[in-house]
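Worth saying up front: this structure is predicted, and the values here are computed from it rather than measured.
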Number of protein chains: 2
Amino acid sequence: MNNDIFVEMISKKTKYAINALVFLAKRTGEGPIVISEIAEKEHIPRKFLESILLNLKKAGLLASKKGKGGGYYLLQDPEDINLADVMRLFDGPIAFLPCVTYKYYERCEECKDEETCGIRDVFFEVKKKTVELLKQASLSEVIKRESGLISHL
Amino acid sequence: MNNDIFVEMISKKTKYAINALVFLAKRTGEGPIVISEIAEKEHIPRKFLESILLNLKKAGLLASKKGKGGGYYLLQDPEDINLADVMRLFDGPIAFLPCVTYKYYERCEECKDEETCGIRDVFFEVKKKTVELLKQASLSEVIKRESGLISHL
DNA sequence: GAATAGTCTACCAAATCTATAGACTTTATA
DNA sequence: TATAAAGTCTATAGATTTGGTAGACTATTC
């Protein structure tokens with residue numbers, strides 16, 4: 001039984017990454033923004049954020065500039081960056097079971113017949129819907145929702 | 001970046017629990033089934049399964065009988081046990097963020113204004129849909145899908 | 001050349017997950 | 001009533017992951 005208060009399902013890395021990206025998206029056109037500003041404004045441990053931004057850069061979402069006047073800035077259009085991609089980058093495949101992923105497919109050891117596995121079928125459906133919703137959630141979409149124009153809550 | 005081969009999202013506990021429950025559901029009416037039989041047939045480490053079944057018993061899904069001729073059996077109708085409940089039992093709330101759960105609600109530390117948080121809005125939608133799909137997935141539904149009558153793959 | 005700012009490597013503490021071991025209790029039945 | 005069968009309880013342990021820190025290094029600007 002889970003005695004723990006709470007099991008967070010997305011990692012802090014992903015959460016911080018999303019927050020940093022949204023922050024940068026809102027300030028498109030202002031030129032490079034320094035790590036420490038993002039860290040402060042978004043309440044993210046500075047050193048930890050460093051490695052996150054580096055990952056986002058390697059993944060091609062961000063670019064950076066060194067030296068005075070340097071910092072990070074979005075490399076892609078906020079329309080084109082979505083939460084599904086970000087989550088996959090840090091937390092791996094978006095699925096409850098490895099057998100319903102495409103890129104990270106792995107058979108369940110205990111599974112007797114995957115072809116007719118009802119559990120797999122259920123989790124495949126869940127994964128499909130989740131990815132669909134997260135793909136739709138681009139940075140611009142997230143920002144748009146912040147304004148309260150669209151609310152699902 | 002995730003260098004690990006794969007991050008399994010539901011715990012083995014949950015997976016084993018579901019498999020054990022489906023197994024028991026298929027054998028409703030046969031009386032108590034011993035732990036070791038479930039362990040063998042479902043390829044679950046025996047001792048580990050013990051504690052899982054105990055949890056399921058405490059949660060009111062299973063009952064047990066000690067001594068010779070004893071074992072475990074379903075206490076509820078297979079229609080009435082769904083994957084959402086099982087997952088919650090072992091893995092906690094079904095949500096990517098604590099701020100979109102009901103029973104385990106917790107505010108994100110870094111969050112500036114929850115009311116207008118676009119990220120929260122997105123993840124709330126995802127959670128809602130996920131729970132909906134998992135609620136529909138009762139043990140009987142899983143078994144029905146195994147037969148290949150309904151397939152979403 | 002000094003200050004600024006990102007990059008790289010290494011490390012670490014805490015928590016969680018997946019078990020395993022073994023003693024104990026209850027029950028059926030020969 | 002002894003004994004074997006079967007579930008229950010407590011404790012522990014190894015491996016992995018997560019979240020975070022430290023510090024040296026490199027590149028850029030003025």
Side-chain angles (χ1 to χ4, degrees), chain A residues 1-17 19-20 24 31-40 42-59 62-73 75 87 89-92 98 108-110, chain B residues 1-17 19-20 24 31-40 42-59 62-73 75 87 89-92 98 108-110:
Chain A
M1 214 87 57
N2 63 312
N3 305 310
D4 33 27
I5 313 292
F6 187 77
V7 184
E8 204 146 345
M9 295 200 58
I10 69 172
S11 64
K12 293 233 174 195
K13 257 189 178 162
T14 298
K15 215 161 50 159
Y16 290 158
N19 282 122
L24 289 174
I33 314 236
V34 297
I35 298 181
S36 41
E37 184 180 351
I38 309 175
E40 254 178 63
E42 294 297 320
H43 309 108
I44 304 171
R46 164 118 203 235
K47 274 295 192 178
F48 198 34
L49 179 58
E50 271 186 18
S51 74
I52 292 167
L53 296 178
L54 217 43
N55 284 160
L56 290 170
K57 181 187 173 184
K58 281 179 189 154
L62 295 181
S64 65
K65 198 164 170 288
K66 283 186 176 179
K68 202 167 192 175
Y72 275 98
Y73 53 96
L75 203 56
M87 278 190 64
L89 193 59
F90 295 100
D91 290 346
C108 295
E109 303 160 44
E110 346 76 54
Chain B
M1 214 86 61
N2 63 313
N3 304 311
D4 34 28
I5 312 290
F6 188 76
V7 185
E8 203 147 343
M9 295 198 58
I10 68 170
S11 64
K12 294 232 172 195
K13 257 188 179 163
T14 298
K15 215 161 50 158
Y16 291 158
N19 282 122
L24 289 175
I33 314 235
V34 296
I35 298 180
S36 43
E37 185 181 349
I38 309 175
E40 255 178 61
E42 294 296 322
H43 309 109
I44 304 170
R46 156 103 213 252
K47 275 294 192 179
F48 199 33
L49 180 58
E50 272 186 18
S51 75
I52 293 167
L53 296 178
L54 217 44
N55 284 159
L56 290 170
K57 181 186 171 184
K58 281 179 189 154
L62 295 181
S64 65
K65 199 164 170 289
K66 283 186 178 179
K68 202 167 191 176
Y72 275 97
Y73 54 95
L75 203 54
M87 280 189 63
L89 194 58
F90 295 101
D91 290 345
C108 295
E109 303 160 45
E110 345 77 54

| message | Whether A:Lys13 contacts D:dG20 is assessed here as follows: a side-chain N or O lying under 4.0 Å from the phosphate OP1 or OP2. Is that the case? | response | no

| query | Under 4.0 angstrom, heavy atoms only, what part of the nucleic acid is A:Ile35 near: base, sugar-phosphate, or nothing? | reply | sugar-phosphate

| query | Is there a side-chain contact between B:Tyr72 and B:Leu62 (heavy atoms, below 4.5 Å)? | reply | yes

| Between A:Lys65 and D:dT29, is there a side-chain N or O to OP1/OP2 distance below 4.0 Å? | yes

| said: Rounded to whole Å, please give me the gap between CZ in B:Phe90 and C1' in C:dT16. | reply: 16 Å

| Distance, rounded to the nearest Å, where B:Lys12 contributes NZ and D:dT16 contributes C1' | 13 Å

| task | Figure out the CG/C1' separation between B:Leu62 and D:dG7, and round it to whole Å. | result | 13 Å

| message | Whole angstroms only, please: what is the CG-C1' distance between B:Leu54 and C:dC24? | response | 14 Å

| query | Of B:Gly69 and A:Ile33, whose nearest nucleotide on DNA chain C comes first from the 5' end? | reply | A:Ile33

| query | Does the side chain of B:Ser64 get closer than 4.0 angstrom to OP1 or OP2 of D:dT8 through an N or O atom? | reply | yes

| query | For the pair made of CD1 in B:Ile52 and P in D:dC9, what is the distance, rounded to whole Å? | reply | 16 Å

| query | DNA chain D: A:Lys66 or A:Tyr16, which has the more 5' nearest nucleotide? | reply | A:Tyr16

| request: Check whether any side-chain N or O of A:Asp91 sits under 3.5 Å from a backbone N or O of A:Thr14 as a donor-acceptor pair, and report yes or no. | output: no

| field | A:Glu50 CD - D:dT26 P separation (whole Å) | value | 16 Å

| field | Side chain proximity check, B:Tyr16 to B:Pro45, heavy atoms < 4.5 angstrom | value | yes

| query | Which atom names give the shortest non-hydrogen contact between B:Ala17 and B:Phe90, and what distance separates them? | reply | CB-CE1, 3.4 Å

| remark: In this structure, CG of A:Leu49 is separated from NZ of A:Lys12 (nearest 0.5 Å) by 13.5 Å

| Between A:Lys47 (NZ) and C:dT9 (C1'), how many Å, whole number? | 11 Å

| said: Which is more 5' along DNA chain D, the nucleotide nearest B:Tyr72 or the one nearest B:Lys68? Just name the residue. | reply: B:Lys68

| task | Whole angstrom is fine here: how far is it from CZ in B:Arg46 over to C1' in C:dA21? | result | 12 Å

